[in-house]
Amino acid sequence: MRYERGDEVLMSALAGNGTLSASIYRLPVGARRAAVISWDAVSWLLATLLFALTRYDLNLSAPQWRMVVLYAVLAVALQIAAGIVSQHYLGRSRIGSFGEATWAGTIVLLIALPLLVIFSVVHTDLPRGVTFAVPAVALLLMGVARWAFRSMMDARPRNAKTSEAIPALVYGAGNAGYQVAQLMDLADEPPYNIVGFLDDDKGKRHLRIRGARVLGRGKDLVKAAEAAGAQTVILAISAASPKLIAELNDITRKNHLELMVIPPLREMVGGRVTIGSIRHLNVADLLGRRPIRTDISAIANYITGKVVLVTGAGGSIGSELATQVHKLGPSKLIMLDRDESALHGVQLAIFGNGLLDTDDMVLCDIRDMDALREVFQTYRPDVVFHAAALKHLPMLERFPFEGWKTNVLGTRNVLRAAHEVGVKRFVNISTDKAAAATSVLGRTKRLAERLTAWYATEYHVPYLSVRFGNVLGSRGSVLISFRSQIEKGGPVTVTHPDVTRYFMTIPEACELVLQAGAIGKPGDVLVLDMGEPVKIVDVAKRMIAESGKDIEIQFTGLREGEKMHEVLFSTVEQGGKSVHPLISEVRVPALSPDVVPDVLDSHDEILDILEMEPTMVHGAPVENS
């Protein structure tokens, strides 16, 4: 006995439940199709008979009866032929689905119109009312059968194995919530038994989804969970804010409920929820789970079909940038890094192999101007994303000249090589520490922004910088450090109980960097909206709570050059709005590469160069008097 592949999941869910809907789906494919065809044919015949009975009390003349019968026979023949040709009867859509009902209506309309013309013009013995009323009644009868079938499907007894599943409340009665309920309903061994829904939309207070009703709003979570016997809460809102997630996390932990979430839309294939995608809460959900809307067409316009070069392509930001650029279809993507192991990792992630034998993987140090110039002259890129940098604040405080060589001189080299070969667009990746800089990292990145601005204003080209804060999961980030300390049993070290930082996910940051590259004007410093700053000690506490371990937090004090609270704009900068709601723009004063020395005699020389910076009034540079 053969079944359609698209019905396998449904078959397994329905098997053995003893309902009429299950019996229908256990029929062979041919028998099931014949049943649908037969009912649609009978619908035309019944509609014709009903009309003749109710309108004419079956009192028609012999010529009229012949025309009525001919009309019905033609309609049935056309219905079957059209249904087969359009694949309506060959499994194009699932029985009772919206798509299947739409096709049924389309076919009836396509039959009714030509028959109306033929019998109105050629055969006048047919009562005109037949051509208007019978198609509508036939469609109604087809729809009633499909509605009845769909109702039996939705009302069928739950899978017998559901009794072994964990009772769960679903927070969110929208499309994602419906998908979760449907998954549990159709699975062979559902992990959760949906006992109710919660939704903050008052208009959904009487809604029922696959037999489970909305039990209240978010504030009713504890009471609803107790009443329904729920042990788990599934957050089925793909664009849930970090604030909502944090509140739910606190409530569920205090009341000994398990909290599960569905991932953001960008992490789901085709926007579809799967059982495998329902997962435990992680810190990234609490800090960086925001919907990002980018103008893909604008991004693609300056990347698709172009030669794109990414420096620092083996790093956390560089590798994600390379991955996202690759998806936009550049004619060639050049990935440059001085770390061969990092290049191996990014090639493996993007192309599925790590042979390092292709010309798009370039081993080069941006400090080496001659080697860098040869790379640019060989590949002549159209677009450059400059992500190569030294970024660890305490290390650069100890070795400031290394930061100078990479972040300042290296950036100058990349800018010079880019200008020499006519790079059309240059995006320098900066940091929030460049605003009101107090550290070597911030000061060197500030100078990199100013060098980029000089090339932009001097040559009137769209060279710009993008400034953002900490990214979750990057190498050396606080999350990696905390996780390592927790795995070792602690203690977890935090600099200060009140210190705060901005956080973004790596994909979110890179998506906005690509968007910024599309909208930025020459010399801009575009500042990404980082959301609300988060207390680092709260992150530590949440990660410890997730681990289930009893681990101490130790406060070590702020390090040299470290701020208590990061800022995205300095006191002399005023951010202006850009065309994207999550991107602001500021102007920085240009700095000529000619005044940047190749060798520093002391750390203080960095400060001397910074002091050459004019003050800023409303985002525009004004020379000091």
Side-chain angles (χ1 to χ4, degrees), residues 242-243 245-256 258-259 261 279-289 315-317 389-400 402-403 431-445 468-506 509 530-568 603:
K243 181 180 179 182
I245 296 172
E247 290 174 354
L248 279 178
N249 185 47
D250 290 338
I251 293 170
T252 51
R253 278 199 296 115
K254 288 177 183 176
N255 291 276
H256 307 291
E258 182 182 42
L259 179 60
V261 299
R279 55 170 171 76
H280 286 91
L281 182 72
N282 59 40
V283 175
D285 295 314
L286 294 165
L287 300 180
R289 204 173 198 251
S316 304
I317 294 297
L390 295 179
K391 66 175 185 177
H392 290 287
L393 186 147
M395 187 66 76
L396 294 187
E397 290 299 317
R398 293 177 55 209
F399 303 100
E402 296 302 308
T431 171
D432 56 352
K433 294 170 179 60
T438 59
S439 63
V440 172
L441 171 59
R443 289 164 181 156
T444 56
K445 294 298 282 183
F468 55 90
N470 301 278
V471 289
L472 300 173
S474 64
R475 285 185 292 186
S477 74
V478 68
L479 297 191
I480 303 298
S481 300
F482 285 172
R483 189 168 292 117
S484 175
Q485 291 174 333
I486 289 170
E487 288 174 355
K488 293 177 181 177
V492 170
T493 56
V494 178
T495 55
H496 192 281
D498 296 323
V499 69
T500 63
R501 291 293 181 266
Y502 291 99
F503 286 96
M504 299 179 86
T505 64
I506 295 176
M530 300 292 295
E532 296 297 322
V534 177
K535 292 182 73 171
I536 298 297
V537 70
D538 288 343
V539 176
K541 289 177 179 177
R542 293 190 188 283
M543 292 186 69
I544 292 171
E546 282 183 24
S547 72
K549 299 179 180 179
D550 183 15
I551 293 177
E552 177 190 4
I553 295 177
Q554 288 184 358
F555 297 103
T556 59
L558 291 175
R559 296 166 293 190
E560 182 70 26
E562 192 171 28
K563 301 177 188 176
M564 181 74 75
H565 308 291
E566 295 290 0
V567 295
L568 298 176
H603 180 195

Least distance between heavy atoms, [X] atom then [Y] atom:
X    : Y    : value
K563 : A435 : NZ-O, 2.6 Å
G442 : A437 : C-CB, 3.5 Å
A540 : V492 : CB-CG1, 3.9 Å

Do [X] and [Y] have side-chain heavy atoms sitting under 4.5 Å apart?
X    : Y    : value
T252 : E258 : no
I551 : F482 : no
L390 : E402 : yes
F555 : D498 : no

I'd like to know if the side chain of [X] and the backbone of [Y] have a donor-acceptor N/O pair within less than 3.5 Å.
X    : Y    : value
R501 : M564 : yes
H392 : P394 : no
E397 : V440 : yes
Q485 : T493 : yes

Is there a side-chain contact (heavy atoms from CB on, under 4.5 Å) between L248 and V261? Walk through the geometry before answering.
CA-CA 11 Å; L248 279 178; V261 299; over 6 Å; no

If you measure from [atom1] on [X] to [atom2] on [Y], what distance do you get to the nearest 0.5 Å?
X    : Y    : atom1 : atom2 : result
D250 : I245 : CG    : CD1   : 12.0 Å
L281 : R279 : CG    : CZ    : 7.5 Å
D538 : M543 : CG    : CE    : 13.5 Å
R443 : L396 : CZ    : CG    : 12.0 Å
T438 : K433 : OG1   : NZ    : 9.5 Å
H565 : K535 : NE2   : NZ    : 8.5 Å

Mark yes when over 12 heavy atoms from residues, nucleotides or ligands other than K549 sit less than 6.0 Å from its NZ; otherwise mark no.
yes

Pair I536-T495, side-chain contact (heavy atoms from CB on, under 4.5 Å): steps then yes or no:
CA-CA 9 Å; I536 298 297; T495 55; over 6 Å; no

